[in-house]
Enquirer: 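Below you'll find the structure I mean.
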Amino acid sequence: ISAAYDGQTNFLAVWYSVTGHTSIKGCLMNPSSGLVGSPFVIYTNNLPTELSTIHVTFDGTKYLVLFSTSATTASVGDYHILGRFVGTDGTVLTNQLNVTTAAGPQFGPSADFDGQNYLISWNQGFNPNIINKSTTVYGQFFDTEGQSTSTAFPLFSTKPNAEIPLFAPVRWDGSKFVVVGGYGRETTNSFGWTNNVIEGAFISP
């Protein structure tokens, strides 16, 4: 689940549906009056999205909803980062953002907006069903229409002792992006970790 505020009126809360695990849903919420209308579908297919990780950000005019899912197989190994834009009235816009065409799995998207472009981060290579020995967290810039304005670049990479980065939340501070990466050595495929380390980096627009 994730949520973002439009700065004036409402939040957009987003989650994956329980029934069938095939849909990403959202609902507008007002801090004073509660739900605004009914929940609506942001994305759906015939395959489960139950392992999807979701992130929502607002660019001043619309929300960007990022999530992990596969449109081809139910295997987590085929998960990719997709995005949908949602208007402040809850309208799901027609353009879809495909963050990368690289082979999966891709996991843990995050993003923020600097007034012109989004910086989107994601994990390349993490599979929740195995003990991972190597992953990389990448970043890439996209414009307000979801078109890439840079190539993907590594933010955090696996350390020599097999400590892998899992995710990298992104925040804009008014002059630069701040990304924070969480590292650890995976001990089981149920998110058992040791040697946890947190690192950060600044990224100029």
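Computed over heavy atoms, backbone and side chain alike; hydrogens, waters and symmetry mates excluded.
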Enquirer: Any side-chain donor-acceptor pair under 3.5 Å between Ser110 and Ser121?
Expert: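 No, because no side-chain N or O of Ser110 sits under 3.5 Å from a partner of the opposite role on Ser121.
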Enquirer: Using the rule that Ile, Leu, Val, Met, Phe, Trp and Tyr join whenever any side-chain heavy atoms are under 4.5 Å apart, tell me whether Leu166 and Trp122 fall into a single cluster.
Expert: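 Shared cluster, no.
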Enquirer: Mark yes when over 12 heavy atoms from residues, nucleotides or ligands other than Asn46 sit less than 6.0 Å from its CG; otherwise mark no.
Expert: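 No, CG of Asn46 has 12 or fewer neighbouring heavy atoms, counting only those of other groups under 6.0 Å.
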Enquirer: Is the shortest side-chain heavy-atom distance between Val56 and Phe11 below 4.5 Å?
Expert: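 No; the side chains remain at least 4.5 Å from each other.
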Enquirer: Under 3.5 Å, is there a donor-acceptor pair between the side chain of His80 and the main chain of Thr69?
Expert: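 Not confirmed, His80 side chain does not pair with Thr69 backbone.
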Enquirer: Donor-acceptor pair, distance only, cut-off 3.5 Å: does the side chain of Thr136 make one with the backbone of Gln124?
Expert: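 Not at all, since once roles are kept as given, no pair shorter than 3.5 Å links the two residues.
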Enquirer: Do side-chain atoms of Thr53 reach the backbone of Gly108 as a donor and acceptor pair under 3.5 angstrom?
Expert: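 Flag set: sc Thr53 to bb Gly108 pair under 3.5 Å.
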Enquirer: Would a 4.5 Å heavy-atom cut-off, applied to side chains only, mark Lys62 and Thr144 as touching?
Expert: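 Side chain of Lys62 against side chain of Thr144, heavy atoms only: contact under 4.5 Å found.
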Enquirer: Any non-hydrogen side-chain atom of Glu199 less than 4.5 Å from a side-chain atom of Lys159?
Expert: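 Glu199 vs Lys159: side chains touch.
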Enquirer: Any heavy-atom pair between the side chains of Cys27 and Leu35 that's under 4.5 Å?
Expert: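 They are in contact (side-chain heavy atoms under 4.5 Å apart), so the answer is yes.
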Enquirer: Using a strict cut-off of less than 4.0 Å between a Lys/Arg side-chain nitrogen and an Asp/Glu carboxylate oxygen, indicate whether Lys133 and Glu163 qualify as a salt bridge.
Expert: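 Judged by the 4.0 Å cut-off on N to carboxylate O distance, Lys133 and Glu163 do not form a salt bridge.
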Enquirer: Between Asn98 (side chain) and Leu82 (backbone), is there a donor-acceptor pair under 3.5 Å?
Expert: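 Such a contact is absent between Asn98 side chain and Leu82 backbone.
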Enquirer: Do Val86 and Leu97 share a hydrophobic cluster, counting only Ile, Leu, Val, Met, Phe, Trp and Tyr and linking them when any side-chain heavy atoms are less than 4.5 Å apart?
Expert: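 Hydrophobic grouping puts Val86 apart from Leu97.
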Enquirer: For the residue pair Asp143 and Asn117, confirm or rule out a side-chain donor-acceptor distance under 3.5 Å.
Expert: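 The criterion, which ignores hydrogens and geometry beyond distance, is not satisfied for Asn117 and Asp143.
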Enquirer: Check the pair Thr187 / Thr194 against side chain to side chain donor-acceptor pair (under 3.5 Å), numbers first and verdict last.
Expert: CA-CA 7 Å; Thr187 57; Thr194 63; 5.9 Å; no
Enquirer: Answer with yes or no whether the hydrophobic clustering places Phe167 together with Val179; edges join I, L, V, M, F, W, Y residues whose side-chain heavy atoms lie under 4.5 Å apart.
Expert: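 Phe167 does not cluster with Val179.
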Enquirer: Tell me the closest heavy-atom pair linking Gly182 and Ile198, and the distance in Å.
Expert: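 So the two residues come closest at CA-CD1, 3.8 Å.
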Enquirer: Would you say Gln116 has more than 12 foreign heavy atoms packed within less than 6.0 Å of its CD?
Expert: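 No, because the 6.0 Å sphere around CD of Gln116 holds 12 heavy atoms or fewer from other groups.
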Enquirer: Can you measure from CD1 (Ile203) to CG (Leu119) and round to the nearest 0.5 angstrom?
Expert: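 So the CD1 of Ile203 and the CG of Leu119 are separated by 6.5 Å.
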Enquirer: Using modelled atom types only, decide if a donor and an acceptor are shared between the side chain of Arg185 and the backbone of Asn161 within a distance under 3.5 Å.
Expert: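 It does hold such a pair.
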Enquirer: Taking the six-membered ring of Tyr16 (Phe, Tyr or Trp), confirm whether the NZ or CZ of Lys25 is under 6.0 Å from its centre and within 45° of its axis.
Expert: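 Cation-pi check for Lys25 and Tyr16: fails.
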Enquirer: Can you name the nearest heavy-atom pair linking Thr188 to Ile131, along with the distance?
Expert: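 Closest approach of Thr188 to Ile131: C-CG1, 3.8 Å.
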Enquirer: Please name the pair of heavy atoms, one in Ile81 and one in Ser68, separated by the smallest distance, quoted to 0.1 Å.
Expert: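 Taking every non-hydrogen atom into account, CD1-OG, 3.3 Å.
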Enquirer: Which is it for Phe67 and Tyr43 under the ring-ring contact (aromatic ring centres under 6.0 Å, His included) test, yes or no, and what are the steps along the way?
Expert: CA-CA 9 Å; Phe67 50 94; Tyr43 173 86; 4.9 Å; yes
Enquirer: Report yes if the side chains of Asp78 and Pro105 come closer than 4.5 Å at any heavy-atom pair, otherwise no.
Expert: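 The answer is no, as the side chains (C-beta and beyond) never meet within the 4.5 Å cut-off.
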Enquirer: Any side-chain heavy atom of Thr88 sitting closer than 4.5 Å to one from Thr9?
Expert: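 Side chain of Thr88 against side chain of Thr9, heavy atoms only: no contact under 4.5 Å found.
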Enquirer: Does the ring centre of Phe126 sit less than 6.0 Å away from the ring centre of Phe107?
Expert: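 Yes, the ring of Phe107 comes within the 6.0 Å limit of the ring of Phe126, centre to centre.
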Enquirer: Can we call the ring centroids of Phe202 and Phe177 under 6.0 Å apart?
Expert: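 No, too far apart.
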Enquirer: Would you check, one step at a time, whether the test side chain to side chain donor-acceptor pair (under 3.5 Å) holds for Tyr183 with Asn196?
Expert: CA-CA 5 Å; Tyr183 282 88; Asn196 301 67; over 6 Å; no
Enquirer: Treating Ile, Leu, Val, Met, Phe, Trp and Tyr as nodes and any side-chain heavy-atom pair under 4.5 angstrom as an edge, say whether Val92 and Tyr63 lie in one connected cluster.
Expert: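 Per the 4.5 Å side-chain linkage, Val92 and Tyr63 are co-clustered.
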Enquirer: On a heavy-atom basis, which atom in Met29 and which in Ala13 lie closest, and how many Å separate them?
Expert: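 Shortest heavy-atom contact: SD-CB, 3.7 Å.
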Enquirer: If you measure only the distance, is there a donor-acceptor pair under 3.5 Å linking the side chains of Thr61 and Asp59?
Expert: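 Yes, side-chain donor-acceptor contact under 3.5 Å.
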Enquirer: State, with a plain yes or no, whether a side-chain heavy atom of Leu64 is found less than 4.5 Å away from one of Leu66.
Expert: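 Leu64 vs Leu66: side chains touch.
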Enquirer: Go through Ser134 and Asn132 one step at a time and tell me if the side chain to side chain donor-acceptor pair (under 3.5 Å) criterion holds.
Expert: CA-CA 6 Å; Ser134 178; Asn132 297 268; over 6 Å; no
Enquirer: Output, in order, the C-alpha distance, side-chain angles, deciding distance and verdict of side chain to side chain donor-acceptor pair (under 3.5 Å) for Asp173 and Ser175.
Expert: CA-CA 6 Å; Asp173 73 359; Ser175 63; 3.2 Å; yes
Enquirer: About how many Å separate CD of Glu186 and CD1 of Ile164, when rounded to the nearest 0.5 Å?
Expert: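 Taking CD1 in Ile164 and CD in Glu186, the distance rounds to 5.0 Å.
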Enquirer: Using the rule that two of Ile, Leu, Val, Met, Phe, Trp, Tyr join whenever any of their side-chain heavy atoms come within less than 4.5 Å, decide whether Leu12 and Val36 are in one cluster.
Expert: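 Per the 4.5 Å side-chain linkage, Leu12 and Val36 are co-clustered.
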